[in-house]
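Since we're looking at a predicted model, the values are computed, not measured.
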Amino acid sequence: MAAASKNSLERISNAKRRRLDTNDTRHIAALILARGGSKGIPLKNIKMLAGVPLIGWVIRAALDSGVFHSVWVSTDHDEIERVARAWGAQVHRRSPEVSTDSSSSLDTIREFSRLNPGVDVICNIQATSPCLHPEDLKKAVECITKEGCDSVFSVVRRYPLRWQEVKNEVSQCTEPLNLDPAHRPRRQDWEGELCENGSFYFATKELVEKGLLQGGKMKYFEMKPEHSVNIDTDIDWPVAEQKVLRFGYFGKDKPEVVKLLLCNLSGGLTDGQIYISANGEEMVSINTRDQAGIDMLKKEGVKVILLEKDPIAKALADKLSQRMSCRILQDVDDKLKKVQELMEKKGLEWKEVAYLGETGALRFSQLHQPNAMICKNMVHLRNDGVAHTGLKDSTSILTTNTKTYYFYHLIFH
């Protein structure tokens with residue numbers, strides 16, 4: 001235990017040098033709780049959300065905020081620990097006593113505080129709030145460092161019309177709790193209510209030791225509704241993914257510029273079916289918006305090549321090539337080998353090449369639609385042409401010299 005405490009203090013000391021310069025010298029730590037025994041969604045804390053492990057979204061926001069001396073993930077699970085470290089967090093290996101179904105978040109936070117005496121302020125960040133932005137943390141921490149608050153917590157403004165619950169009483173009638181039914185408020189005439197969204201809680205060590213996350217001089221920090229996303233059950237997942245793709249924080253890294261895009265013809269631009277006319281001619285169905293998407297990329301200087309594994313009639317291939325204004329390569333069994341040949345011929349690096357496969361791929365027709373589902377998480381290809389997996393796979397970004405386009409599954413299958 002003494003050795004663990006010493007190591008923790010050494011990491012804290014090193015981390016202090018990385019924090020932004022402020023007049024407040026207290027050690028402020030971010031703590032993300034990620035137990036392995038989630039009942040609603042098994043291992044949900046590392047389940048991929050828009051191509052990023054769930055805890056990856058908040059770890060990235062905490063690190064990029066620059067306001068923490070250290071960023072920690074508290075877990076009892078080996079795989080969660082591995083993912084947390086890969087995303088740049090330190091790990092507090094919680095004890096079995098605070099890892100049960102009946103353990104509270106505060107139990108774990110108090111254990112972390114006790115084992116890390118050098119930490120003065122703890123910010124408990126909820127792993128299931130993937131739309132958290134660094135700017136929210138930067139502004140909230142100032143309530144601690146500049147205004148002398150003991151605790152700060154995140155809220156969101158909502159407009160619920162609440163009624164008294166009736167429990168198994170046939171004769172009992174309900175009553176309004178926050179409205180007059182005779183004068184129902186319009187949304188624009190009502191300021192709404194401030195509700196905790198659970199995204200984060202700052203609290204001093206003194207409060208935590210008293211068993212409190214809110215107390216002393218308190219202040220709330222109001223977050224934007226679009227940033228207030230929480231995941232509790234399976235049905236929350238697809239909604240959260242849509243929101244994080246549109247409103248999430250994707251990091252400070254600038255995307256690489258892609259110069260070559262390879263796209264599967266069957267299943268990528270077509271539905272994978274070949275139709276036969278009464279005259280015996282082969283036909284396929286394409287979307288004119290796909291063609292518009294390809295035209296957009298070509299105008300930005302991106303070379304687009306269509307790949308087809310199965311042979312199709314030369315007349316059909318020529319017609320498609322003319323229609324899409326793209327070169328079509330047929331009988332491509334080994335896509336990786338073909339790509340390597342093209343890269344060598346054109347003098348390209350892996351980071352300059354993207355591949356749009358057929359499984360789960362975003363169609364070209366979505367490229368120019370407003371607010372299309374996007375994900376700005378980079379997937380870099382290694383020099384062997386295999387995408388990094390386990391942490392940042394399944395999503396990628398295509399950037400030209402002037403515009404950015406986004407895809408799903410830009411990886412070699």
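- When every heavy atom of Val244 is checked against every heavy atom of Ala50, the shortest pair comes out as CG1-CB, 3.9 Å.
- Only one option out of Gln90, Arg94, Arg93 pairs with Ser74 in a side-chain hydrogen bond (donor to acceptor under 3.5 Å, both in side chains); it is Arg94.
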**Request:** Walk me through it: do Tyr249 and Leu132 pass the test side-chain contact (heavy atoms from CB on, under 4.5 Å)?
**Result:** CA-CA 7 Å; Tyr249 172 71; Leu132 178 64; over 6 Å; no
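- Cation-pi geometry between Arg60 and Trp57 is met: under 6.0 angstrom from the ring centre, within 45 degrees of the axis.
- Side chains of Lys259 and Leu348 form a contact here, defined as non-hydrogen atoms less than 4.5 Å apart.
- Relative orientation of the His27 and His69 rings is parallel, given thresholds of 30° and 60° on the angle between their planes.
- Rounded to the nearest 0.5 Å, atoms CG (Leu31) and CZ (Phe112) are 5.0 Å apart.
- The two residues Pro176 and Trp163 come nearest to each other via the heavy atoms N-CE3, 3.5 Å.
- Between Val98 and Thr108 the shortest heavy-atom distance is O-OG1, 3.4 Å.
- Checking Asp180 against His183 by side-chain atom types alone, a donor-acceptor pair falls below 3.5 Å.
- Taking Glu135 as the reference, Lys138, Lys139 meet the side chain to side chain contact (heavy atoms under 4.5 Å, CB included) condition, with sequence neighbours excluded.
- A salt bridge between Arg186 and Asp189 is present, with a side-chain N of the basic residue lying under 4.0 Å from a carboxylate O of the acidic one.
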**Asked** Between Asp236 and Lys44, does a salt bridge (Lys or Arg N to Asp or Glu O under 4.0 Å) hold up when you go through it step by step?
**Response** CA-CA 12 Å; Asp236 297 326; Lys44 72 175 179 180; over 6 Å; no
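- No side-chain heavy atom of Ile55 sits under 4.5 Å from any side-chain heavy atom of Thr75.
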**Item:** Glu193 and Arg162: CA distance, side-chain angles, deciding distance, salt bridge (Lys or Arg N to Asp or Glu O under 4.0 Å) verdict
**Value:** CA-CA 11 Å; Glu193 297 180 340; Arg162 297 183 288 106; 2.9 Å; yes
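- Scanning both residues, Val208 and Ala203, for their nearest heavy atoms gives CG2-CB, 4.1 Å.
- Here the closest heavy-atom approach between residue Leu137 and residue Ser65 is recorded as CB-CB, 4.1 Å.
- Partners of Lys47 under the salt bridge (Lys or Arg N to Asp or Glu O under 4.0 Å) rule, at least two apart in sequence or in another chain, do not exist in this structure.
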Distance-only donor-acceptor hits, side chain of residues 147-156, under 3.5 Å, sequence neighbours excluded:
residue, atom, partner, partner atom, Å
Glu147, OE1, Lys219, NZ, 2.6
Glu147, OE2, Lys219, NZ, 3.3
Asp150, OD2, Lys217, N, 2.7
Ser151, OG, Gly215, N, 3.1
Ser151, OG, Gly215, O, 2.9
Ser154, OG, Asn197, OD1, 2.5
Ser154, OG, Ser199, N, 3.2
Ser154, OG, Phe200, N, 3.1
Ser154, OG, Phe200, O, 3.4

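- Within 6.0 Å of atom CZ in Phe247, more than 12 heavy atoms from other residues, nucleotides or ligands are found, so the atom counts as buried in its surroundings.
- Residues Ser95 and Ser99 share a closest heavy-atom pair of O-OG, 2.7 Å.
- Interatomic distance, CD1 of Ile109 versus CG of Leu213, reported as 4.5 Å (0.5 Å rounding).
- Under the 3.5 Å distance criterion, the side-chain polar atoms of Glu352 are matched with a main-chain donor or acceptor of Glu349.
- Heavy atoms of other residues, nucleotides or ligands lying less than 6.0 angstrom from CZ of Arg184 number 12 at most.
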